[in-house]
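See below for the structure under consideration.
So you know, we letter chains A, B, ... as the sequences are listed, proteins then strands, and number each from 1. The basis for the numbers below is simple: all heavy atoms, side chains too, and nothing from hydrogens, waters or symmetry mates.
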Amino acid sequence: MYSDKVMDHFMNPRNVGEIENPDGVGEVGNAKCGDIMKIYIKVENNRIVDVKFKTFGCGSAIASSSMATELIKGKTLEEAWELTNVAVAEALDGLPPAKMHCSVLAEQAIHKAINDYRIKNGLEPWEDRFTDDDDHHHE
Amino acid sequence: MYSDKVMDHFMNPRNVGEIENPDGVGEVGNAKCGDIMKIYIKVENNRIVDVKFKTFGCGSAIASSSMATELIKGKTLEEAWELTNVAVAEALDGLPPAKMHCSVLAEQAIHKAINDYRIKNGLEPWEDRFTDDDDHHHE
Amino acid sequence: MEKRFVYMDHAATTYTKPEVLEAMMPYFTEQFGNASSIYTFGRRSKAAIEEAREKVAKALNALPDEIYFTGGGSEADNWAIKGVAFANRDKGNHIITTKIEHHAVLHTCEYLEKQGFEVTYLDVDEYGMINLEDLKKAITDKTILITIMFANNEIGTIQPIAEIGKIARERGIYFHTDAVQAVGNVNIDVKEMNIDLLSLAAHKFYGPKGVGALYIRKGVKIDNLIHGGGQERKRRAGTENLPGIVGLGKAIELATSNIEEHNRKIKSMRDRLLNGIMEKIPYTKLNGHPEKRLPGNINVSFQFIEGESLLLLLDHYGICASTGSACSSGSLDPSHVLMAIGLPHEIAHGSLRLSLGDLNKEEDVDYVLEVLPQIVQRLRDMSPLYES
Amino acid sequence: MEKRFVYMDHAATTYTKPEVLEAMMPYFTEQFGNASSIYTFGRRSKAAIEEAREKVAKALNALPDEIYFTGGGSEADNWAIKGVAFANRDKGNHIITTKIEHHAVLHTCEYLEKQGFEVTYLDVDEYGMINLEDLKKAITDKTILITIMFANNEIGTIQPIAEIGKIARERGIYFHTDAVQAVGNVNIDVKEMNIDLLSLAAHKFYGPKGVGALYIRKGVKIDNLIHGGGQERKRRAGTENLPGIVGLGKAIELATSNIEEHNRKIKSMRDRLLNGIMEKIPYTKLNGHPEKRLPGNINVSFQFIEGESLLLLLDHYGICASTGSACSSGSLDPSHVLMAIGLPHEIAHGSLRLSLGDLNKEEDVDYVLEVLPQIVQRLRDMSPLYES
Ligand SMILES: Cc1ncc(COP(=O)(O)O)c(C=O)c1O
Ligand SMILES: Cc1ncc(COP(=O)(O)O)c(C=O)c1O
Ligand code: FES
Ligand code: FES
């Protein structure tokens with residue numbers, strides 16, 4: 001079902017935890033759908049110097065969180081914003097079709113965390129390509 | 001499917017053949033339904049002194065012919081007339097329900113042969129309980 | 001601690017017992033004749049099928065002529081429900097079932113709704129029990145069939161089948177029960193319980209997959225589901241699955257020969273495991289009825305975590321189990337059964353079913369009690385919902 | 001002459017080949033996991049099923065995603081025909097089939113007639129061949145399905161499937177073929193032959209009983225027959241018959257890997273037997289097509305005698321065979337196939353089917369050629385229709 005890469009990131013997730021006094025926090029999903037992802041970022045000079053996550057969800061959601069946080073660590077906010085769920089899934093050597101939406105959560109959580117940072121810093125939030133947090137569906 | 005008795009009478013049928021110059025002949029059934037039985041009798045002093053049959057039909061039809069001819073051999077015509085298909089079937093230790101009609105053929109053929117003898121000898125034919133030769137059905 | 005292989009998913013399927021397989025073996029390569037053939041070699045196959053039919057009949061207190069072999073439990077459910085519905089359409093178009101049936105029943109009922117039938121889906125209480133008064137109230141002049149499962153596959157709850165049967169019989173309504181999970185775990189007497197139709201599947205009681213049976217009480221008006229040859233007394237076409245049927249017969253004989261003794265053993269392991277889980281893992285809820293449940297069934301919800309990831313971790317430790325989480329179902333919603341007993345989505349998501357059976361030993365219980373609390377903790381530590 | 005056991009009823013069912021059984025064995029007691037379970041142990045079962053699916057797809061030149069496993073040939077026929085009929089009712093209610101289909105097709109069509117469908121039953125010629133012009137003429141605006149068998153189970157006649165497929169495709173009508181007798185005996189290419197749906201059953205090509213498959217071309221609109229769980233990509237509910245499916249896969253691989261060589265061998269035995277019969281037994285008629293017939297099939301009628309009694313005597317000598325006689329069918333009429341090719345009742349009654357296959361040796365042919373003429377003569381000597 002899952003690739004070795006997914007299983008590796010699921011069994012040994014990177015960046016699990018919280019950041020005290022984070023510069024940005026993004027939480028997406030809802031317990032009703034069974035998946036919640038929360039991402040904390042620490043930003044210095046427009047760069048993500050630290051990132052942590054907490055996820056309530058399936059193996060794919062946990063692996064996506066792990067991989068996504070790995071991918072944005074050390075990146076500028078602009079670079080991090082560009083990370084798509086497809087890129088996360090590809091980095092995991094693919095996800096089952098029914099599980100692609102879990103990677104969307106990761107993209108959205110990062111966007112929310114970045115915008116949280118931007119708003120806190122008096123900047124205009126960027127526009128997310130997903131208008132509605134809830135419009136991911138299991139198919 | 002068949003009792004040992006049926007199989008014995010099927011594998012080693014008694015009284016197969018024809019009688020030259022018989023005193024009575026009865027043929028029933030039709031090739032369309034797939035079963036034809038022909039019974040020849042030799043009568044002396046109102047008694048069946050010899051009987052032979054020829055049958056085109058299933059194992060049950062052949063065994064019924066064999067058993068029925070055995071049962072009427074040496075009997076008076078009145079006694080032979082009384083032989084029912086049920087008695088034939090019982091003498092064979094039973095027949096499958098779908099095969100009872102084959103034993104009816106034997107009863108009918110004997111009746112026809114007896115009436116053939118009676119008519120030839122200027123006697124009134126007896127009345128058969130099966131009005132129509134064709135009213136046996138496979139069920 | 002050494003890694004073990006622990007199979008605790010007997011409700012999903014069981015292994016075929018060696019004795020059962022042994023009984024089946026001659027019917028593949030040697031005594032393979034078609035049971036409808038008239039030669040001796042075919043009649044021997046027929047005899048083997050009739051012997052199996054008698055064993056099934058005996059296990060249910062039915063007559064052999066009331067047992068029809070099928071290709072599995074789902075086929076039996078489909079046949080019972082569609083067959084009765086279509087054959088009795090002139091009498092009415094109303095069917096009563098419950099919200100916690102297996103999909104083989106639910107989706108069949110939904111299909112019938114599209115064909116003009118009306119279906120009442122009875123609610124269940126927090127333990128998964130139907131209310132007999134609700135049932136009585138649901139009955140109308142047009143009710144032709146009540147189909148209520150004997151025991152639930154997820155939460156193990158056992159319904160008051162004899163009482164339902166009594167109500168149905170009094171009102172002259174056919175009563176079908178999906179007993180796929182019940183056979184071998186509960187004493188079944190179709191006569192005493194007034195059951196008109198009953199579905200079962202061999203692979204749930206240590207028989208082979210791909211074969212089941214439908215009990216149809218003599219006199220029940222029912223259409224065929226699979227048309228064709230005259231097999232199964234003209235009611236279920238298709239060359240008989242000879243080894244499968246022989247296996248089903250052997251398996252039901254074994255499974256029902258000593259239910260009490262068998263259940264005592266399974267239940268004692270189950271209770272030790274359940275008690276251990278409740279003791280060791282906080283924020284845990286038992287789903288299903290505390291007493292009226294299948295002897296091998298445990299269904300618990302761990303708050304703050306999700307079931308699929310739990311299963312993956314258990315799998316890593318060699319433990320086979322099941323969940324009602326939406327994430328493992330491929331659909332948007334968690335198990336309809338857990339919803340029906342009123343669990344909030346997030347609690348349903350954290351559900352775990354452990355179903356014990358003949359493959360389990362006491363060591364398995366020890367092992368799960370050691371592994372499971374760690375795994376739950378590990379996932380909770382990752383969960384944004386959990387405040388340690 | 002020593003008594004032998006001679007199985008010449010391969011068209012009724014075959015033995016499961018030891019290699020096939022061997023491939024199945026691990027899936028009963030060891031690798032028994034439910035293929036829908038997400039743990040490794042279940043996923044291994046899933047992988048075995050997908051491997052079997054690929055084998056079936058390869059044998060038919062289909063895609064694996066176009067293969068759906070069923071509980072047998074009859075279920076596949078029922079599903080194909082009812083499923084297409086109900087799903088395409090908005091387009092029309094007319095179905096075309098033939099008078100010589102297996103009952104799994106015929107009785108399904110008759111059932112659909114009761115549900116408001118119209119069915120044309122095409123005539124066949126004296127050899128059992130349909131006429132393509134008749135087929136074209138039968139097509140109307142309302143025709144939604146053509147279902148014509150690949151090869152007949154009684155007389156062995158092989159239909160012009162590619163031509164039928166072409167006609168159906170040109171007119172945009174779904175084409176289903178019952179290939180239960182054809183698989184392993186004829187080269188099948190669903191793409192080239194424009195087949196939209198195809199039924200098969202493992203037990204006709206040395207696989208196990210109780211498992212079959214339906215090929216459904218991608219894009220075909222079809223309803224489910226068995227509703228329930230999401231197995232078989234949500235199209236056929238029911239816990240997968242894991243060992244059965246593995247067996248089917250292995251069997252179809254073996255049966256289609258060297259059809260020419262296999263047929264050459266079977267056909268040479270068949271021809272020697274047939275020629276011997278025609279030479280030694282007067283008043284004998286060959287039924288079915290002289291060339292376009294299944295390699296193992298012999299169907300002859302012996303005048304003046306009846307088939308059931310013939311079978312019983314053959315059985316006494318250890319020979320397993322089959323007949324189209326009414327006396328063995330339990331119905332008033334002889335085989336509908338023999339009627340359709342225009343045989344008078346009494347000739348149909350004397351029919352004998354010998355179907356050769358992998359269990360046969362040249363010695364079997366010698367034996368039958370020695371026994372059969374004696375038996376026929378013995379019955380003729382008892383027959384009031386025969387004048388010696
Ligand atoms: C041509 C044909 N179609 C369908 C079937 C039905 O297959 P099964 O008996 O395996 O269901 C058979 C065999 O009995 C057959 O020969
Ligand atoms: C309660 C219940 N009903 C029906 C079924 C369907 O049985 P099968 O999958 O053997 O067709 C199952 C098992 O999957 C079940 O647990
Ligand atoms: S979090 Fe539910 S499917 Fe991934
Ligand atoms: S003669 Fe036809 S069934 Fe007996």
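- Interface remark: of the candidates Gly350(C), Pro344(C), Ala348(C), Pro384(C), Pro384(C) forms the most heavy-atom pairs closer than 4.5 Å to chain A.
- No option in His107(C), His102(C), His103(C) other than His103(C) meets the ring-ring contact (aromatic ring centres under 6.0 Å, His included) test with His336(C).
- Contacts of Pro96(A) with chain C are absent, with no heavy-atom separation under 4.5 Å from either backbone or side chain.
- Note on ring orientation: taking the six-membered ring where Trp is involved, the planes of Phe304(C) and Tyr386(C) are tilted (angle from 30° to 60°).
- Using a 4.5 Å cut-off between heavy atoms, Leu313(C) contacts chain A through both its backbone and its side chain.
- More than 12 heavy atoms of other residues, nucleotides or ligands shown are found within 6.0 angstrom of CG on Asn12(A).
- Taking the six-membered ring wherever Trp is involved, the centroid distance between the rings of Tyr40(A) and Phe53(A) does not fall below 6.0 Å.
- Residue contact with chain C, scored on non-hydrogen atoms closer than 4.5 Å, involves the backbone and the side chain of Met11(A) alike.
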